[in-house]
Asks: 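Please find one structure pasted underneath; my questions will follow.
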Amino acid sequence: MSNERYNSRTSEPHWQKVWAENRTFAASEDTSKPKYYVLEMFPYPSGRIHMGHVRNYTMGDVLARYKRAMGFNVLHPMGWDAFGMPAENAAMERNVHPKSWTYENIETMRRQLKSMGLSLDWEREFATCDSEYYRHEQEMFIDFLEAGLAERKTSVVNWDPVDQTVLANEQVIDGRGWRSGAAVEQRELAQWFLKITDYSQELLDALDTLDGWPEKVRLMQRNWIGRSEGLRFRFELEDEDGNLLDDKLTVYTTRHDTIFGATFCALSPDHPMVRGMADQDGAISAFRAECAALGTSEEAIERAEKKGIPLGLYARHPYRQGVRVPVYAANFVLMGYGEGAIFGCPGHDQRDFDFARKYGLDVIPVVAPADADPATFEIADEAYLDKDGAGVVMINSDFLNGMTVDDAKQEIADRMEAAGTGERRVNFRLRDWGVSRQRYWGCPIPVIHCADCGAVPVPKQDLPVTLPEDVSFTEPGNPLNRHPHWKHVACPSCGKPAIRETDTFDTFIDSAWYFARFCSPRAAAPVDADAVAYWMPVDQYIGGIEHAILHLLYARFYTRAMHKTGHGTIDEPFASLFTQGMVIHETYRAEDGEWVEPANAEQVEGAWREIGTGRPLTAGPAEKMSKSKRNVVDPEQILEQYGADTARWFMLSDTPPERDIEWTEGGVEGAWRFTQRIWRLVNDTTQLELTGDTAPSEMSGEVVAVRRATHQTLHTVSQDIEALRFNRAIARIYELSNVLNTAVQKAKGDDAMAWAVREGVVVMVQIFAPMMPHLAEECWKLLGYESLIAQTPWPQADAALLTTDSVTIAVQVNGKRRDEISLPKGTAKEEIEASVLQLDNVLRAVGDKSIRKVIVVPDRIVNVVAG
RNA sequence: GCGGGCGUGGUGGAACUGGUAGACACGCAGGAUUUAGGUUCCUGUGGCUUACGCCGUGGGGGUUCAAGUCCCUCCGCCCGCACCA
């Protein structure tokens with residue numbers, strides 16, 4: 001008998017080697033089996049894996065192993081989202097090349113992931129920075145260009161004058177570059193855009209078909225796309241003296257019902273009309289500069305006062321003869337939405353109200369509660385908002401008076417369209433996707449700029465355009481731009497000297513199609529049609545909620561763009577999406593604000609202190625693991641100390657997968673103890689003497705109970721894994737192991753019990769195999785099997801054991817539980833009632849009251865109503 | 001401001017269509033084994049009460065024979081978006 005502990009350190013590498021040598025998880029198209037594509041969001045090779053990876057990949061692996069056992073042909077690949085800024089930062093800080101830094105990180109992280117025992121098809125691995133990958137991105141971009149899905153236009157970017165680089169909004173902190181600290185300028189640059197807005201409506205509509213997605217994510221995307229129905233119309237303009245001007249002012253509104261409440265118009269500081277006037281007028285020019293300096297951070301917007309500058313223009317009210325309203329440039333009007341110009345109705349819009357109060361403009365109420373007196377209804381301290389229009393009517397609005405808000409909108413839209421001064425219009429918040437980045441470590445944009453021919457795509461036979469490796473990061477700016485010869489090439493069209501595009505693609509492009517590439521990672525074309533047709537869409541995609549909008553929306557768009565250009569036939573890449581929670585850990589702080597590692601905190605007489613120094617500490621909440629808060633736990637250390645199975649088991653236990661899980665030492669210890677308990681149980685089981693393989697003919701109630709527990713657990717665990725309720729599955733497995741632990745003590749010399757215990761243990765090992773695959777293989781071998789459990793079909797529950805012959809029925813008197821009674825399943829109502837009314841506890845509770853009614857829910861509960 | 005989610009023991013969390021609240025785990029307490037243990041095993045563990053029993057799913061109200069679950073209302077926490085006309 002083996003009393004030795006289960007040793008994960010020798011067992012885990014052993015089985016990992018066996019799986020690799022057997023190519024156990026290599027996938028290939030097999031039309032005789034249903035396919036299942038499970039994918040976790042691939043990692044950025046930042047250096048080492050973190051606990052979030054452990055959680056994410058464990059969940060996906062459980063599903064992959066389960067589906068494989070269920071008879072599916074499973075694709076479960078892994079790769080690297082390998083382009084991006086951290087590599088350039090490392091290059092600048094540590095004088096390493098982004099390429100070697102990235103590939104070295106990949107080496108490390110691949111080794112770490114392999115030590116987790118994930119059932120991945122490593123033969124399909126690639127990194128997005130492999131030219132073999134990004135060459136296809138370049139090819140598809142050229143196809144997109146031809147299909148009109150890509151275009152070049154100018155746009156305003158955050159420019160860091162010291163680092164000479166474009167900054168993303170989140171890299172601008174209080175108007176300064178995060179690295180250089182220099183004041184950020186707004187610059188106009190010509191950039192490439194992918195025309196995601198061509199698909200605004202489609203991307204919105206298709207959300208309704210994505211039943212396997214969390215409602216939350218669908219909602220976030222809906223809001224991001226931001227569809228609104230409104231009216232675009234034109235005001236006639238006049239100057240100070242009332243002379244009609246040639247130019248008209250086009251505005252967009254969703255509240256055209258409030259047109260009689262209009263008391264001013266406002267243009268974005270970036271509106272072409274304002275720009276034109278700024279050239280002549282220093283005050284307007286200064287106002288524009290002031291607005292540009294204000295920044296776009298949320299906080300800045302929060303604090304910013306509504307401000308404007310009169311332009312000396314007036315808009316003629318379309319329906320009030322002789323009335324004109326002043327036109328301003330105003331800081332709260334965005335150029336990027338609608339027409340970049342609005343009419344202001346202070347009575348019914350808070351921003352307009354604030355603006356009107358500041359500049360002494362009229363406030364005319366035009367919508368009022370139905371029961372208010374139109375003559376006296378006034379707007380006092382804030383705008384009167386009533387967006388759904390219920391219970392309100394139009395007032396002070398001439399021909400609209402008495403109408404509902406909706407009817408008033410219809411009326412105005414009809415009149416404007418009839419008069420040719422406006423038209424109904426659907427607007428989206430979604431903007432085209434700017435994909436140019438002035439950076440080195442990304443996919444080169446395959447375009448050559450020629451003075452004569454313009455932007456010319458690189459001919460496909462010249463692809464890939466690879467990154468030059470002899471670059472330096474000692475100076476600011478894009479190394480591609482200052483490389484001695486890389487960008488100087490001949491124009492593919494006319495042959496004259498031309499300049500290669502030195503921008504690279506946004507790395508979101510890399511991740512917008514990698515899932516398709518996994519289907520045929522070595523294909524000469526971006527994708528192999530048959531492979532993609534077989535594997536796509538991804539059946540279950542798993543990743544963090546932080547990608548709810550950008551990555552997932554880009555991937556949805558890109559899949560459509562690939563479809564349009566002949567690189568696929570589907571539109572929606574992810575049939576089901578699961579967003580898992582973060583891994584959090586407790587935090588501790590000293591009085592001076594310094595964070596202290598949780599491992600160095602101890603509690604002495606109720607107070608927290610730092611071990612060693614004795615400094616008093618304050619225990620903070622559990623928060624996302626981060627270096628700055630010093631609460632990071634390194635997975636590699638955990639994997640070494642406890643083994644992969646323990647780490648995996650812990651990650652799946654106790655907390656529902658969509659919620660944040662708190663890392664606790666105690667929890668890991670508990671998981672580790674369980675692996676040892678299992679090992680002992682399986683060892684004890686192998687010591688039992690079995691008379692045969694077939695079920696014994698005679699079985700006591702106790703034995704049947706063990707078998708019931710086995711088959712019921714099998715049944716519910718299958719359902720729980722299917723629904724990704726791993727924490728529940730694990731609770732059931734604990735229950736079964738407790739039953740079997742008790743039963744194995746009684747099984748010596750009891751043939752039937754021994755048989756039932758062995759059956760239970762075999763099933764138990766099979767159902768925890770997706771979670772703790774190494775331990776499962778080891779147990780499987782110990783139980784005498786020669787095959788791999790990873791290739792063993794999922795067991796089938798015996799339906800006869802899922803139902804019971806007798807049931808325990810709770811007995812209530814007036815809704816309070818007084819007793820319970822065990823009866824054969826399916827006992828008739830009358831019979832149940834008769835039995836219940838004889839129970840002492842019932843009689844006592846009823847006392848001298850009379851029984852009014854007896855509610856009987858067969859096989860469940862009885863409620864005696866007395867009073 | 002707009003949109004969404006969540007409040008259950010000391011802790012993480014169970015509870016299918018309303019039907020025995022607290023499964024399972026952590027922690028804690030007591031006991032046993034061991035040369036020692038941070039090992040293993042057993043027992044107990046929502047609160048109040050000597051007991052019978054009563055009270056308990058954020059607070060209040062309602063529907064129902066029966067409410068963690070459904071409805072109304074209030075409070076608290078979390079997340080997303082945000083000058084989008």
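Remember, it's a predicted structure, so these values are computed and weren't measured experimentally. In what follows, chains are A, B, ... by sequence order, proteins preceding strands, each numbered from 1.
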Asks: For each nucleotide in nucleotides 23-31 of chain B, reading 5' to 3', give B when a protein heavy atom comes within less than 4.0 Å of its base, S when such contact involves only the sugar-phosphate, and - otherwise.
Replies: BSSSS----
Asks: Less than 4.5 Å apart, any side-chain heavy atom of A/Lys307 and any of A/Phe287?
Replies: yes
Asks: If I pick the P atom on B/rC84 and the same atom on B/rC77, what distance separates them, to the nearest angstrom?
Replies: 26 Å
Asks: Choose from B/rC16, B/rC81, B/rU20 the nucleotide whose nearest atom is closest to any side-chain atom of A/Ile861.
Replies: B/rU20
Asks: Checking A/Lys748 against A/Asp684 for the salt bridge (Lys or Arg N to Asp or Glu O under 4.0 Å) test, could you report, in this order, the C-alpha distance in whole Å, the side-chain angles of both residues, the deciding distance, and whether it holds?
Replies: CA-CA 10 Å; A/Lys748 270 207 178 104; A/Asp684 290 352; over 6 Å; no
Asks: Taking atom P in both B/rG46 and B/rA51, what distance in whole Å separates the two?
Replies: 14 Å
Asks: Which one, B/rA85, B/rC81, B/rA66, comes nearest to the side chain of A/Asn863?
Replies: B/rA66
Asks: Could you check how far CD1 of A/Ile225 sits from P of B/rG80, rounded to whole Å?
Replies: 19 Å
Asks: Any side-chain to backbone donor/acceptor pair from A/Arg218 onto A/Leu207? Under 3.5 Å, distance only.
Replies: yes
Asks: In whole angstroms, how far is the C1' atom of B/rA85 from the CG atom of A/Leu267?
Replies: 13 Å
Asks: Give A/Val864 one of three labels, base, sugar-phosphate or nothing, depending on what nucleic acid heavy atoms sit under 4.0 Å from its own.
Replies: nothing
Asks: Quick one: which protein N/O atoms are closer than 3.5 Å to N/O atoms of nucleotides 44-48 of chain B? Pair and distance per line, please.
Replies:
none

Asks: Which heavy-atom pair separates A/Ile661 from A/Phe650 by the least distance, and what is that distance?
Replies: CD1-O, 3.8 Å
Asks: Let me know the distance between CG of A/Leu550 and P of B/rC81, rounded to the nearest Å.
Replies: 9 Å
Asks: Looking at A/Thr197 and A/Leu430, what are the two nearest heavy atoms and their distance?
Replies: CG2-O, 3.3 Å
Asks: Under a 3.5 Å cut-off for both distances, is B/rG80 Watson-Crick or wobble paired, and to whom?
Replies: B/rC2
Asks: Under 3.5 Å, is there a donor on one side chain and an acceptor on the other for A/Asn683 and A/Gln687?
Replies: no
Asks: Measure CH2/A/Trp224 against P/B/rC81 and give the value in whole Å, please.
Replies: 7 Å
Asks: Could you check how far CD1 of A/Ile545 sits from P of B/rC79, rounded to whole Å?
Replies: 13 Å
Asks: Is there a side-chain polar atom (N or O) of A/Lys216 under 4.0 Å from OP1 or OP2 of B/rG4?
Replies: no
Asks: For A/Arg234 and A/Glu423, run salt bridge (Lys or Arg N to Asp or Glu O under 4.0 Å): C-alpha distance rounded to whole Å, both residues' side-chain angles, the deciding distance at 0.1 Å, then the answer.
Replies: CA-CA 9 Å; A/Arg234 291 162 288 282; A/Glu423 47 279 321; 3.1 Å; yes
Asks: Under a 3.5 Å cut-off for both contacts, is B/rU69 paired Watson-Crick or G-U wobble with anything, and if yes, with which nucleotide?
Replies: none
Asks: On RNA chain B, does the nearest nucleotide to A/Lys816 precede the nearest nucleotide to A/Glu662 from the 5' side, or the other way round? Give the residue.
Replies: A/Glu662
Asks: Given B/rU20, B/rG19, B/rA14, identify the nucleotide with an atom nearest to the side chain of A/Arg817.
Replies: B/rU20
Asks: Tell me every residue that passes ring-ring contact (aromatic ring centres under 6.0 Å, His included) with A/Phe353, counting only those two or more places apart in sequence or in another chain.
Replies: none
Asks: Tell me which nucleotide among B/rA14, B/rU20, B/rC83 gets nearest to the side chain of A/Thr808.
Replies: B/rU20
Asks: Using both distances under 3.5 Å as the test, list the Watson-Crick or G-U wobble partner of B/rC16, or none.
Replies: none
Asks: What is the pairing partner of B/rG9, taking Watson-Crick or G-U wobble pairs with both distances under 3.5 Å in any strand?
Replies: none
Asks: Quick one: which of B/rG12, B/rA85, B/rG19 gets closest to the side chain of A/Thr655?
Replies: B/rG12
Asks: Nearest to the A/Arg5 side chain among B/rC83, B/rU39, B/rA85, which nucleotide is it?
Replies: B/rU39
Asks: Do other residues, nucleotides or ligands put more than 12 heavy atoms under 6.0 Å from the CZ atom of A/Arg222?
Replies: yes
Asks: Using the P atoms only, state how far B/rU69 lies from B/rU8, rounded to an integer number of Å.
Replies: 13 Å
Asks: Map A/Val865 and A/Arg351 onto RNA chain B by nearest heavy atom, then report which one ends up closer to the 5' terminus.
Replies: A/Val865
Asks: How far, in whole Å, is B/rU49 from B/rC41 if one measures between their C1' atoms?
Replies: 33 Å
Asks: Using side chain to side chain contact (heavy atoms under 4.5 Å, CB included) as the criterion, point out the one residue from A/Thr58, A/Ile730, A/Thr675 that pairs with A/Trp649.
Replies: A/Ile730
Asks: So which nucleotide does B/rU50 pair with, by the Watson-Crick or G-U wobble rule with both distances under 3.5 Å?
Replies: none
Asks: Mind checking the P distance from B/rA67 to B/rU57? Whole angstroms is fine.
Replies: 11 Å
Asks: Any strand is fair game: report the nucleotide pairing with B/rU40 by Watson-Crick or G-U wobble, both distances under 3.5 Å, or none.
Replies: B/rA32
Asks: What's A/Leu219 touching, base or sugar-phosphate or nothing? Going by heavy atoms closer than 4.0 Å.
Replies: sugar-phosphate
Asks: Do you know the tightest heavy-atom contact between A/Gln580 and A/Gly544?
Replies: OE1-N, 3.6 Å
Asks: With rounding to whole Å, what would you report as the distance between B/rC28 and B/rC78 at their P atoms?
Replies: 29 Å
Asks: Indicate the atoms forming the closest heavy-atom contact of A/Lys306 with A/Lys358, along with that distance.
Replies: O-CD, 3.1 Å
Asks: Looking at every strand, decide which applies to A/Arg659 at a 4.0 Å heavy-atom threshold: base, sugar-phosphate, or nothing.
Replies: sugar-phosphate
Asks: Side chain of A/Gln812: nearest nucleotide among B/rU20, B/rG53, B/rG4?
Replies: B/rU20
Asks: Roughly how far apart, to the nearest Å, are B/rC71 and B/rG18 at atom P?
Replies: 12 Å
Asks: Nearest whole Å is fine: how far is B/rU20 C1' from A/Asn841 CG?
Replies: 14 Å
Asks: Looking across every strand, which nucleic acid part, if any, lies under 4.0 Å from A/Arg431 by heavy atom: base, sugar-phosphate, or nothing?
Replies: base
Asks: Does a sphere of radius 6.0 Å around CG in A/Asp208 hold more than 12 heavy atoms from other residues, nucleotides or ligands, not counting ones at 6.0 Å or beyond?
Replies: yes
Asks: Just the rounded figure in Å: distance from P of B/rG3 to CZ of A/Arg429.
Replies: 14 Å
Asks: Looking for any heavy atom pair under 4.0 Å, which part of the strands does A/Thr253 touch: base, sugar-phosphate only, or nothing?
Replies: sugar-phosphate
Asks: For A/Tyr252 and A/Ser228, which I'm curious about, is there any donor-acceptor pair between the side chains at under 3.5 Å?
Replies: yes
Asks: Side chain of A/Ser228: nearest nucleotide among B/rA85, B/rC81, B/rC16?
Replies: B/rA85
Asks: Record whether the side chain of A/Arg860 comes under 3.5 Å of the base of B/rC16 through a donor-acceptor pair of N or O atoms.
Replies: yes
Asks: For B/rU45 versus B/rC26, give the span between their C1' atoms, rounded off to a whole number of Å.
Replies: 13 Å
Asks: Please classify B/rG10 as syn or anti, treating any glycosidic angle within 90° of 0 as syn.
Replies: anti
Asks: Whole-Å distance between B/rC81 C1' and A/Arg222 CZ?
Replies: 15 Å
Asks: Any base atoms under 4.0 Å from A/Arg818, or only sugar-phosphate, or nothing? Heavy atoms, all strands.
Replies: sugar-phosphate
